[in-house]
Amino acid sequence: MSVPMALENPDWAPKGLALIEQWAKGGRRFTADDLHAEIGEPYHPNQWGSLLTRARNLDYIVEDGAKKATRGPARGRLTRIWAPNPQWQTTALDRQAA
């Protein structure tokens, strides 16, 4: 019997979202290639888009350009560069001060 898709790697998305939040707090710009190097491959490739969309919807990050991907199967494709959302950083600092 195979493992249900949702249970294949249950920590991948929370780990990725926490890393994006950490990078946003630190002011780091990144691409999916950078994330891949840190958290590895999800069960399904579509999870990359879901993870980055979730981080954007939480206002952690904003699009900040594009460049060619350097990682294996995506090599040469255009990939987004993500940057911390300046508005979220200000709000996060306000929350820490409170």
Side-chain angles (χ1 to χ4, degrees):
M1 177 184 251
S2 66
V3 176
M5 188 157 106
L7 300 177
E8 190 71 27
N9 190 355
D11 296 331
W12 184 86
K15 182 178 177 182
L17 194 58
L19 183 60
I20 292 170
E21 182 181 10
Q22 177 186 341
W23 285 353
K25 286 179 181 175
R28 180 174 174 178
R29 295 172 70 229
F30 66 92
T31 66
D33 288 345
D34 300 319
L35 271 175
H36 183 271
E38 294 290 326
I39 63 173
E41 200 65 43
Y43 176 73
H44 192 281
N46 289 354
Q47 288 180 281
W48 285 112
S50 297
L51 175 64
L52 292 164
T53 297
R54 176 132 174 84
R56 185 185 62 206
N57 289 345
L58 288 169
D59 289 329
Y60 294 170
I61 55 175
V62 293
E63 294 178 36
D64 191 33
K67 70 175 202 171
K68 287 186 178 183
T70 57
R71 179 180 62 81
R75 187 179 314 278
R77 288 188 212 156
L78 202 57
T79 187
R80 286 187 178 104
I81 299 169
W82 296 97
N85 182 343
Q87 294 174 342
W88 178 79
Q89 283 186 310
T90 302
T91 306
L93 291 173
D94 290 343
R95 285 191 302 256
Q96 288 176 358

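- For the residue pair R29 and D34, the shortest heavy atom distance occurs at O-OD2, 4.4 Å.
- Ring pair W48/W12 is perpendicular by interplanar angle, where above 60° counts as perpendicular and below 30° as parallel.
- In terms of the salt bridge (charged side-chain N to carboxylate O under 4.0 Å, His left out) criterion, residue partners of E63 (sequence neighbours excluded) are, by chain and number, R56, R80.
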Intermediate values then yes/no, side-chain contact (heavy atoms from CB on, under 4.5 Å), T31 and K67: CA-CA 9 Å; T31 66; K67 70 175 202 171; 3.8 Å; yes
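- Of all heavy-atom pairs spanning V62 and P84, the tightest one is CG2-O, 3.9 Å.
- Going from atom CZ of R77 over to atom NZ of K68 covers 13.0 Å, rounded to the nearest 0.5 Å.
- Looking at every heavy atom in both residues, L52 comes nearest to A32 through CD1-CB, 4.4 Å.
- In this structure, CD1 in I20 is found 7.0 Å from CD1 in I39, a value given to the nearest 0.5 Å.
- Minimum interatomic distance between W23 and E38 (heavy atoms only, all atoms of both residues): CZ2-CG, 3.7 Å.
- L35 approaches L51 most closely through the heavy-atom pair CD1-CD2, 4.3 Å.
- For D64 (side chain) and A83 (main-chain N/O), no donor-acceptor pair under 3.5 Å exists by modelled atom type.
- The salt bridge (charged side-chain N to carboxylate O under 4.0 Å, His left out) search around R54 returns none, not counting sequence neighbours.
- Going from atom CG of N85 over to atom CD1 of I61 covers 9.0 Å, rounded to the nearest 0.5 Å.
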